[in-house]
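Throughout, protein chains are lettered first and strands after them, A, B, ... in sequence-line order, and every chain is numbered starting at 1.
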Protein chains: 2
Amino acid sequence: MDNSDSTSKGPPTLKTIAFMTGLGISTVSRALKDGPEIGAATRARVKLIAAQVGYRPNRAGVRLKTGKTNVITVVLNPGDDGSGFFSNFVYGISDALTGTSYHLVVTPYALGDAMAPIRYIAETGSADGVIMSRTQPDDPRVRYLLAHGLPFATHGRTEMGIVHPFHDFDNEAFAFEAVSRLVAKGRRRIALLGPPPGLTYHKHTHLGFERGLRSWGLSGIPLSSIDIDAPLWDVRAAARELAARSDPPDGIICSAVRSSFAVAAGFADQGLSIGRDFDIVTKHSTDLLEMLRPEIIAIAEDFREAGRDTASMVMAWIAGTDPAGLQRLVTPETS
Amino acid sequence: MDNSDSTSKGPPTLKTIAFMTGLGISTVSRALKDGPEIGAATRARVKLIAAQVGYRPNRAGVRLKTGKTNVITVVLNPGDDGSGFFSNFVYGISDALTGTSYHLVVTPYALGDAMAPIRYIAETGSADGVIMSRTQPDDPRVRYLLAHGLPFATHGRTEMGIVHPFHDFDNEAFAFEAVSRLVAKGRRRIALLGPPPGLTYHKHTHLGFERGLRSWGLSGIPLSSIDIDAPLWDVRAAARELAARSDPPDGIICSAVRSSFAVAAGFADQGLSIGRDFDIVTKHSTDLLEMLRPEIIAIAEDFREAGRDTASMVMAWIAGTDPAGLQRLVTPETS
DNA sequence: GTTCAATACTGAAACGTTTCAGCTATAATT
DNA sequence: AATTATAGCTGAAACGTTTCAGTATTGAAC
């Protein structure tokens, strides 16, 4: 019935190898995955032939039968395009996936509905694991994925009493350290331009900021109407206003490089000079800052490593590792 | 034999709908894709039920049967991580793929072997179409994909007499315009920091540069030992050397924002002042530049649009459009 | 020399889809 | 009235994999 496979065109399948070895398809399948009850000699022979013909399991076949997609997906966030975060993050994920059977698919965002991509992934079963960023303390995506039994890892923590893999930068320590550095430069009127409210690291950043202020006996300058997600020109305008006050801040902490540039520009607009009238501390993930604005004090955050971490964690969770062990908080360099 | 599907768990399949409508599976399949020989009433009924139960075709099933993967893949390039190109490009691709059946997968690079990812994609049939960047005049990837009948689109042109979809920025026009702008500022000793040799747009950029020089009767300053791919500190050092010459350039054209910063820094190291002693023209794809170094003259290149374009082109080619019509050369803004 | 167990293998079914080759009414043609 | 065409539907096979339920063969145990 089934035509002999010696003449078959297209990539080799289990059938090809079965034909070449004279074995049954099921035997070949088992031999290749070191299943039980296969003779050592047979196993070796099958593997040899498989290697010679360049056999690669057909992903669709595996996926259809087992339900395993061999896909990890990273969910896009609106607005991450220009920030430099995403490139590095994806390169990191790609680093971790190279050499595994996993492919990386990028899931688009849906404007105004952060849950939509998550639901799509779960409903269509399009991935074995999910990587997402910009977590909130009470994050519906985390709840949903957990309820659906879909492994995931986040860039950023949550506060739901749910144990899940995450990679996070210790923004509390960052903000504290930032205050310390500014104080070391003699700055005493310190403002914070932090992440948008709602995100977990907004909380952490503010906590560290407050703790820093307290520990040096200072009171900070609130910047409640603007955050690092705002368009650069808005940040610049806000900075300009700030600089025009009778007692402008002489130290600014900024949670993103991009906006630190805007702040610097806004202060410059008012004739204030960085290093003389004020200083800025920001995060950076590239050598660009050092080149560009060496006057801005930089504390490094490595997004590529974050990508590598989250990807490894998801794969480990899928493989059965207890998610409780898959958590990493990166401490910023101090001094 | 087959258990009635009313109680089935998991996502709905054709069988579910077949059971609910009382029709056969094949009828449902045809009805959903507007196949021939299905009554209008039946078709409507099937579609209604399908929508109600939230039917989504199982990708693995389709892929196994038809060989169509519904995947477009973008190939990573080593070193694109920090450049800002990649984020924007992927967001653009994602824009174009949203609402279609295509998923975007990111194929990792293999260090030292640009062909490896391409071969992998073709051999494993893991995508219906490929997007790649950084083309060379004689590009083996293009030759290979064409030989294997795999649709693709490039960011950048080739010169092999092969017609294929591409999106490209007219770097010849860019360089010419850049010279003109510098000349308009009174600059006469103009240097070019261009793309690495080997890439097609290296050629274009140099052509435009030469043409610009000729048309203003100038002779350019060659920068043959360094290009925009070099580490920023190397660029800065090279710029410093350049600035230390007895007759340093007073105009620099730079094919990437990042390195334009390094050039500015290198010249500043030698005490030269931008706007007074020299000017820089570069490409930019963000508002950052304007904020940061308004003194640097910027000509916009939109990478997100490039992503949208290449993705649309690949899909069109897959759908049967003549690739000859799928080419776009974007002219830089002039004035 | 029958029974039992272990070893090494095999066939068939199933995952969800598409598609080919029918099949059955009804309508149109002669 | 018999034939044929057609519209509208259906069953079965196939894509490549995994896995369940066997089946020979061998060797040991009684």
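Residues satisfying the ring pair (Phe, Tyr, Trp, His ring centres under 6.0 Å) test with B:Phe86, not counting sequence neighbours, are A:Tyr91. Applying the ring pair (Phe, Tyr, Trp, His ring centres under 6.0 Å) test to A:Tyr102 and every residue at least two apart in sequence or in another chain returns nothing. Applying the ring pair (Phe, Tyr, Trp, His ring centres under 6.0 Å) criterion to A:Phe89, with sequence neighbours excluded, gives A:Phe85, A:His155. Partners of A:Ala324 under the side-chain contact (heavy atoms from CB on, under 4.5 Å) rule, at least two apart in sequence or in another chain, are A:Val163, A:Asp322.
Atom CZ in A:Arg63 sits roughly 13 Å away from atom C1' in C:dT17 (whole-Å rounding). A straight line from CD of B:Glu37 to P of D:dA5 spans 16 Å, rounded to a whole angstrom. The interatomic distance linking A:Tyr55 (OH) with D:dG16 (C1') rounds to 7 Å, in whole Å. Atom CZ of A:Arg56 and atom P of D:dC15 are 22 Å apart (whole Å). One atom, CZ of B:Arg59, and another, P of C:dG16, lie 16 Å apart when rounded to the nearest Å. Residue B:Ile17 contributes atom CD1, which lies 12 Å from atom C1' of C:dG16 at whole-angstrom precision. Look at CG on A:Asn58: it is 13 Å from C1' on D:dA14, rounded to the nearest Å. If you measure from atom NZ of B:Lys68 to atom C1' of D:dA14, you get 20 Å, rounded to the nearest angstrom.
Comparing atom distances between the B:Ile25 side chain and each of D:dG16, C:dG11, C:dT17 picks out C:dT17 as nearest. Side-chain proximity of B:Lys65 to the nucleotides D:dC15, D:dT19, D:dT18 is greatest for D:dC15. Residue B:Ile38 has its side chain nearest to D:dC9 when only C:dC9, D:dC9, C:dG11 are considered. Side-chain proximity of B:Arg30 to the nucleotides C:dA12, C:dT19, D:dT17 is greatest for C:dT19. In the set D:dA12, D:dC15, C:dG16, the nucleotide with an atom closest to the side chain of B:Ser26 is D:dA12.
For the side chain to side chain donor-acceptor pair (under 3.5 Å) with B:Asp139, the lone residue among B:Gln136, B:Arg143, B:Arg141 that qualifies is B:Arg141.
The residue among B:Ala40 and B:Leu64 whose nearest nucleotide of DNA chain D is located toward the 5' end is B:Ala40.
Distances shown here put a side-chain N or O of A:Lys33 below 4.0 Å from the OP1 or OP2 atom of D:dT18. Contact annotation: B:Thr27 reaches the phosphate of D:dT10 (side-chain N/O to OP1 or OP2, under 4.0 Å).
B:Gly24 comes within contact range of the sugar-phosphate backbone alone, with a heavy-atom separation under 4.0 Å but no base atom that close. Counting non-hydrogen atoms under 4.0 angstrom, B:Thr66 reaches the backbone sugars and phosphates but no base.
Smallest separation of non-hydrogen atoms from A:Pro117 and A:Pro108: CB-O, 3.6 Å.
Only at 4.0 angstrom or more do the heavy atoms of residues 41-54 of chain B sit from any atom of DNA chain C, so none qualifies.
The C1' atoms of five pairs define one axis at each end of the helix from C:dG1-D:dC30 to C:dT30-D:dA1, and these two axes lie 70° apart (to 10°).
Between B:Ser133 and B:Asn77, the side chains place a donor N or O and an acceptor N or O closer than 3.5 Å (distance only, hydrogens not considered). Counting only N and O atoms by type, the side chains of B:His103 and A:Ser126 include no donor and acceptor under 3.5 Å apart. Using a 3.5 Å distance cut-off with no hydrogens or angles, the side chains of B:Thr73 and B:Thr107 do pair a donor with an acceptor.
Salt-bridge annotation for A:Lys47 and A:Asp34: present, with a side-chain N of the basic residue lying under 4.0 Å from a carboxylate O of the acidic one.
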